[in-house]
2 protein chains.
Amino acid sequence: MGIADRKERDKEELRERILAAAKFLFLEKGIDKTSIRNIADHIEYSPGIIYHYFKDKNEIFHALHQLGFLQLMEKMQVLGSVRNPLERLKAMGSIYIDFAMENPDMYDLMFIKEAPIDHVCNTEHDHWKEGGGAFNSLRSTIADCINAGHFKGHEQEALTFLIWSTVHGMVSLHIRKRCEVVLPESQQTIVKDGLEEFFKILDKL
Amino acid sequence: MGIADRKERDKEELRERILAAAKFLFLEKGIDKTSIRNIADHIEYSPGIIYHYFKDKNEIFHALHQLGFLQLMEKMQVLGSVRNPLERLKAMGSIYIDFAMENPDMYDLMFIKEAPIDHVCNTEHDHWKEGGGAFNSLRSTIADCINAGHFKGHEQEALTFLIWSTVHGMVSLHIRKRCEVVLPESQQTIVKDGLEEFFKILDKL
DNA sequence: AAAATTAATTAAACGGTGTTTAATAAAGCA
DNA sequence: TGCTTTATTAAACACCGTTTAATTAATTTT
């Protein structure tokens with residue numbers, strides 16, 4: 001059965017090469033400039049081959065967005081050393097925003113673009129497990145905050161969504177270039193400044 | 001000079017017809033399904049004619065997004081009758097979110113999509129005046145709140161951005177279908193519930 | 001080893017996109 | 001009327017995602 005195994009590996013290898021090329025081009029020139037034909041060119045295969053390894057373009061970008069979640073989770077590892085739940089929540093916010101600002105195209109793919117989420121909707125696995133996992137971390141951190149006496153009078157699920165929305169709102173306005181409405185002198189630092197205001201608010205809750 | 005005037009009017013009229021067709025198709029089937037050829041078909045002209053009235057597709061969608069801002073400003077008119085600045089701020093939030101939920105495609109175009117903002121960047125008028133105007137309204141309402149003794153210890157510009165980000169975050173996560181991570185029983189009402197949590201927070205500030 | 005079968009890969013096409021160009025039709029003016 | 005300007009279009013260009021049928025390569029069977 002060694003032959004079948006090797007063929008399996010070969011097949012897997014080309015799949016990985018397609019994905020690597022997609023990632024390279026995507027990080028290099030953005031998602032819109034990354035076409036099936038570009039990817040095929042880059043690995044020196046014909047465009048058609050890609051459809052033997054991926055159902056369609058969305059599936060490729062869904063796979064790429066999974067890598068983004070791994071990357072984000074990696075960055076979140078340091079949270080293990082933050083005992084105070086409120087401090088942990090704030091640190092989560094900082095890491096989240098840093099990730100978005102350092103990897104805007106990846107963040108865009110994960111939380112703004114239609115492509116990967118459409119793939120989730122249009123296939124069997126009708127749940128966005130990557131996003132669900134990340135949201136769970138946030139939810140449990142906020143649960144810890146509540147158990148520690150914070151956020152009295154607030155409803156956990158809605159508050160969790162609100163807090164996520166706040167940081168997502170800031171970075172997505174920045175990524176989609178809606179931040180030029182703020183005063184010129186504040187423009188460069190507005191996301192960082194906004195986060196600081198947010199921390200002040202969290203302290204008061 | 002009557003002839004020149006009439007030609008002017010005719011030219012303006014076709015421009016309006018193109019815009020009306022673009023709007024119709026855009027509201028009917030979304031922006032991605034609205035192609036130059038679709039628009040041309042709809043007004044029974046050839047595709048080429050559109051380029052005598054608009055520089056490119058982005059210019060059309062920029063014009064459309066302007067209509068969206070008019071619509072939003074219209075909805076904001078009722079704020080004139082809300083004297084209490086904090087109540088006015090909350091009402092602004094409600095109206096903003098209602099607008100986004102009732103006109104998701106238009107909101108998408110105004111605050112999420114790349115198209116219209118790219119047009120702003122790639123032409124002479126290097127300022128996003130529609131967004132700037134809306135942000136000004138928010139800024140001055142928040143200034144009124146500060147003058148009325150709210151939001152002590154907060155910096156106005158960053159807080160304004162933060163508050164905008166919060167509501168934008170909620171609706172943009174909803175529009176871009178990232179809300180399925182919340183508990184199923186909360187899913188239908190999560191944006192409304194999140195806004196209520198936000199109001200509780202504003203009351204505490 | 002040769003033939004038959006299966007798998008991997010590609011060339012070509014389909015129907016779409018935004019945009020540009022050169023030719024045509026229409027309108028206004030002399 | 002003919003001349004000039006304007007409005008409009010047909011056709012092409014260079015892309016796009018995707019599917020099909022044909023081709024090449026590899027494997028199995030005879």
Side-chain angles (χ1 to χ4, degrees), chain A residues 1-19 21-22 25-26 29-64 109 113-119 121-123, chain B residues 1-19 21-22 25-26 29-64 109 113-119 121-123:
Chain A
M1 308 304 124
I3 290 168
D5 285 0
R6 200 216 61 211
K7 300 211 84 180
E8 194 80 17
R9 280 202 310 278
D10 284 359
K11 207 162 160 64
E12 189 58 32
E13 200 205 306
L14 186 46
R15 200 191 135 96
E16 288 304 318
R17 289 224 288 147
I18 292 169
L19 222 48
L25 291 170
F26 160 73
K29 320 192 289 168
I31 189 173
D32 302 315
K33 262 63 179 170
T34 305
S35 67
I36 296 287
R37 284 174 169 84
N38 289 160
I39 296 170
D41 271 4
H42 201 258
I43 58 172
E44 295 177 295
Y45 276 78
S46 73
I49 197 67
I50 290 173
Y51 292 88
H52 287 78
Y53 297 85
F54 295 92
K55 186 181 144 283
D56 56 19
K57 201 187 176 186
N58 281 351
E59 191 166 305
I60 299 176
F61 285 112
H62 180 261
L64 235 53
L109 192 63
K113 278 251 149 58
E114 268 135 0
I117 224 72
D118 281 355
H119 173 257
C121 294
N122 302 331
T123 48
Chain B
M1 307 296 128
I3 289 167
D5 285 0
R6 199 215 64 212
K7 298 211 87 181
E8 194 80 17
R9 279 201 311 277
D10 283 1
K11 206 159 161 66
E12 190 58 33
E13 198 204 307
L14 186 46
R15 200 190 134 96
E16 288 304 319
R17 289 223 290 148
I18 293 169
L19 222 48
L25 292 169
F26 161 73
K29 322 191 287 167
I31 188 173
D32 301 317
K33 265 52 181 176
T34 304
S35 68
I36 295 287
R37 282 174 172 83
N38 289 160
I39 297 169
D41 273 3
H42 202 258
I43 57 171
E44 295 176 295
Y45 275 78
S46 74
I49 198 66
I50 290 171
Y51 292 87
H52 286 79
Y53 296 86
F54 296 91
K55 186 182 145 283
D56 57 19
K57 202 187 175 185
N58 282 350
E59 190 165 307
I60 298 176
F61 285 112
H62 180 261
L64 234 54
L109 192 61
K113 279 253 150 57
E114 269 135 2
I117 223 72
D118 281 357
H119 173 258
C121 294
N122 303 331
T123 47

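To find a chain, count down the sequence lines: A is the first, B the second, and so on, and within it residues start at 1. In what follows, every heavy atom counts, from backbone to side chain, and hydrogens, waters and symmetry copies are set aside.
Regarding B:Phe54, its CZ atom lies at a distance of 15 Å from the P atom of C:dT20, rounded to whole Å. Taking atom CG on A:Leu25 and atom P on D:dC16, their separation rounds to 11 Å, with Å as the unit. Between A:His52 atom NE2 and D:dT24 atom C1' the separation is 13 Å, expressed in whole Å. Straight-line distance from the CD1 atom of B:Ile60 to the P atom of C:dG18: 9 Å, rounded to whole Å. The CG atom of B:Asp41 sits 12 Å away from the P atom of D:dT9 (whole-angstrom rounding). Rounded to an integer number of Å, the gap from A:Ile50 CD1 to C:dA8 C1' is 15 Å. For the pair A:Asp32 CG and C:dT17 C1', the interatomic distance rounds to 14 Å; values are reported in whole Å. Rounded to an integer number of Å, the gap from CG of B:Asn58 to C1' of C:dT17 is 14 Å.
Distances were taken from every side-chain heavy atom of B:Asp56 (C-beta onward) to each of D:dT8, C:dT9, C:dT19; the shortest belongs to C:dT19. Of the candidate nucleotides C:dT10, C:dT19, D:dT8, C:dT19 has the atom nearest to the side chain of B:Ile36. Of all nucleotides listed (D:dC16, D:dG17, C:dG18), D:dC16 comes nearest to the side chain of A:Asn38.
For D:dT9, the OP1/OP2 oxygens have no side-chain nitrogen or oxygen of B:Tyr51 closer than 4.0 Å. A sub-4.0 Å separation between OP1 or OP2 of D:dA10 and a side-chain N or O of B:Ser46 is absent.
A donor N or O paired with an acceptor N or O is found under 3.5 Å between the base of D:dG17 and the side-chain atoms of A:Arg37.
A heavy-atom distance below 4.5 Å is not found between the side chains of A:Tyr53 and A:Ile60. Put simply, the side chain of B:Asn58 does not reach to within 4.5 Å of the side chain of B:His62, judged on heavy atoms.
Side chain of B:Asp56 to main chain of B:Glu59: a donor-acceptor pair is present (N/O by atom type, distance under 3.5 Å, no hydrogens or angles). Checking side-chain atoms of A:Asp41 against main-chain N and O of A:Asn38 turns up no donor-acceptor pair under 3.5 Å.
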Full working for side chain to side chain contact (heavy atoms under 4.5 Å, CB included) between B:Phe26 and B:Leu109: CA-CA 10 Å; B:Phe26 161 73; B:Leu109 192 61; 3.9 Å; yes

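Where A:Lys55 and A:Ser35 meet DNA chain D, the nucleotide closest to each residue was compared, and A:Ser35 sits on the side nearer the 5' end.
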